[in-house]
Amino acid sequence: MNSSDKKTGLLELHLAVLLFGGTALFSKLIPLSALDITVLRCVVAAAVLALIVKLSKQKITLEAAKDYLVAIGLGIIVSLHWVTYFASMQLSSVAIGMIAFFTYPVMTVLIEPLVTDAKLKLADVISGVLVLTGVSLLIPEASLGNDVTLGIVVGILSAALFTARNLLHKRYFSQYSGQQAMFYQTMVAVVFLAPWFTAETSNIEANVWWLIVLLGVVFTAAPHALFTSALRLLSAKTVGLVSCLQPFYGAVLALLLLGEDLELKTIIGGTLVVATALFETQQSHKSQRTKKTI
């Protein structure tokens, strides 16, 4: 692989992570519930992803009947992850919601040994304690009656759902491209969440529809396509480390576009969480590299 390919891959990756970080802004910009935002986002994204799959000459159909059951399960988990993701930020702030969500890399490290029978390392336990410390700095009071505290709890639930989705996807659905996988997951999310959809679509203003289209196309379908492309050009380690910039990108965008202030304890707590995520990502790839050389 030449340096030009690496530069292209890095550009695609940073743009994808920036756009993933930008999705958080729509929790504040779109005046709808987290569930309604998720349903409309998934309608738009599923249509665009189906088009991408078709244009890239990939098959829409899955290889085996059991894969459709897996796709349904993953789609339900993703739909709940996205609803809790937006709800977390609506209750608290973009920065706090994203920091709470970014506990997922450490969750993955702590939970994966239960799935793979690998041994849990002391460093991973210490990482878990550091993440809990970072999150505790964000909590204004130990009561779910406080919206910020509730937002943090919901954000951690979103992280747990995302962790479950990633582990299950890796084990049962990794043979499909990112576009194919996300097409099925967004489509299932629409069907699963539709019974609880409450927005009167006829009352949604034109500017809100444009925001929904922007979220579905530019901030959902496009970054997944870019991320998949970058994975082919870069090492998994590079992709993992750059992905840890997502809370930073999200917080900066919220500061610039929404005027959300960052308190000192949020910066300290966020730094602890993201730094631990960076450490665990690096350690994970070192471990994988060691296994390959044995």
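Positions are given from 1, in the same order as the sequence printed here.
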Trace of the side chain to side chain donor-acceptor pair (under 3.5 Å) decision for D67 with Y172: CA-CA 8 Å; D67 292 344; Y172 300 109; over 6 Å; no

To check you understand the geometry: which heavy-atom pair defines the closest contact between [X] and [Y], and what is its length?
X    : Y    : result
G250 : V94  : O-CG1, 3.7 Å
L62  : A71  : CD1-CB, 4.2 Å
A221 : A45  : CB-O, 4.5 Å
P31  : V208 : CD-CG2, 3.8 Å
F102 : C244 : CE2-CA, 3.6 Å
A230 : E12  : N-OE1, 3.6 Å

I need the [X] [atom1] to [Y] [atom2] distance, nearest 0.5 Å.
X    : Y    : atom1 : atom2 : value
L167 : H169 : CG    : NE2   : 12.0 Å
T271 : I99  : OG1   : CD1   : 8.0 Å
Q185 : M187 : CD    : CE    : 10.5 Å
L193 : L35  : CG    : CG    : 5.0 Å
S158 : L80  : OG    : CG    : 9.5 Å
L51  : Q179 : CG    : CD    : 11.5 Å

Do [X] and [Y] have side chains that approach each other closer than 4.5 Å (heavy atoms only, starting at C-beta)?
X    : Y    : result
R41  : I212 : no
S88  : I152 : no
Y249 : V17  : yes
I52  : F183 : no
H224 : F20  : yes
W82  : T186 : yes
L245 : H14  : yes
L272 : T133 : yes

For [Y], is there any backbone N or O sitting under 3.5 Å from a side-chain donor or acceptor partner on [X]?
X    : Y    : answer
Q180 : K59  : yes
E260 : L255 : no
T149 : E141 : yes
T220 : V217 : no

Y176 and F173 aromatic ring geometry - parallel, tilted or perpendicular at 30°/60° bounds: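 Taking Y176 first and then F173, their aromatic rings sit tilted (interplane angle of 30° to 60°).
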
Worked check of side chain to side chain contact (heavy atoms under 4.5 Å, CB included) between V148 and I139: CA-CA 7 Å; V148 175; I139 299 172; over 6 Å; no

hydrophobic_cluster_shared for [Y] and [X], side chain cutoff 4.5 Å:
X    : Y    : answer
Y68  : I76  : yes
I268 : I126 : yes
I77  : L69  : no
L253 : L258 : yes
V125 : L132 : no

Audit row: I204, L32, side chain to side chain contact (heavy atoms under 4.5 Å, CB included) steps and yes/no: CA-CA 9 Å; I204 298 175; L32 298 172; 4.2 Å; yes

Side chains of [X] and [Y]: do they bring a donor and an acceptor to under 3.5 Å?
X    : Y    : value
T198 : D36  : yes
Y104 : N166 : no
T23  : Y85  : yes

Neighbour count >12 (heavy atoms, 6.0 Å) for atom NZ, K54: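 Counting neighbours around NZ of K54, 12 or fewer heavy atoms of other residues, nucleotides or ligands fall under 6.0 Å, so no.
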
Pair V135-I156, side chain to side chain contact (heavy atoms under 4.5 Å, CB included): steps then yes or no: CA-CA 9 Å; V135 170; I156 292 170; 3.9 Å; yes

Ring centre gap for H81 and F101 strictly below 6.0 Å: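 Ring centroids of H81 and F101 are less than 6.0 Å from each other.
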
S177/Q58 under side chain to side chain donor-acceptor pair (under 3.5 Å): CA gap, chis, key distance, verdict: CA-CA 9 Å; S177 72; Q58 300 175 61; 2.5 Å; yes

Derivation of the side chain to side chain contact (heavy atoms under 4.5 Å, CB included) call for M98 and F248: CA-CA 9 Å; M98 291 205 76; F248 170 74; over 6 Å; no

Identified side chain to side chain contact (heavy atoms under 4.5 Å, CB included) counterpart of T38 within the set T84, V43, V78, V83: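 Of all the options given, the one that passes is V83.
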
